[in-house]
Amino acid sequence: MKNDKVIKALCNPIRLKIIKCISSKEKSVSELIDTCGLAQSAVSQYLTKLKNAGLVEDKKVGREVLYSLTDKEVSKISNLILNFTERSN
């Protein structure tokens, strides 16, 4: 069920951080590695989960793959979750 995938994808703080990073503009894996401080394989796995949930899409530009949100509402939802969890900690 797609709703389950979306909710599970949004339950991970690193995936929320990736969503936040690509909310303003599309980014490559290497840009996300620099921003998130994770290994390439980890970033790729997180992006795959987000893509499978329908939250992120990719586009190939030359040798790079750029990732962006499928809908700006995704950014609003992730910000809401991040703000709520930061206040409750």
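In this structure, the separation between CD1 on I7 and CD1 on I81 is 9.0 Å, given to the nearest 0.5 Å.
In this structure the side chain of I77 never reaches within 4.5 angstrom of the side chain of V6, judged on heavy atoms.
Each side-chain hydrogen bond (donor to acceptor under 3.5 Å, both in side chains) pair with one or both residues in residues 66-75, not counting sequence neighbours, appears once here: E73-K76.
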Run the side-chain donor-acceptor check on residues 15-24: report pairs under 3.5 Å with partners two or more places apart or on a different chain.
unit_1	atom_1	unit_2	atom_2	d
R15	NE	A9	O	3.0
R15	NH2	K8	O	3.1
S23	OG	K20	O	2.8

Identify every side-chain donor-acceptor pair in residues 37-46 under 3.5 Å, counting partners at least two apart or on other chains, and give the distances.
unit_1	atom_1	unit_2	atom_2	d
Q40	NE2	S44	OG	2.8
S44	OG	Q40	O	3.1

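The nearest pair of heavy atoms linking K27 to E31 is CA-OE1, 3.2 Å.
The side-chain contact (heavy atoms from CB on, under 4.5 Å) test with L50 singles out one residue from L69, V56, D58, and that residue is V56.
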inquiry  = Run the side-chain contact (heavy atoms from CB on, under 4.5 Å) test on L55 and L10 for me, step by step, so that the C-alpha distance in whole Å, both residues' side-chain angles and the decisive distance to 0.1 Å come before the verdict.
reply    = CA-CA 9 Å; L55 301 173; L10 292 171; 4.0 Å; yes
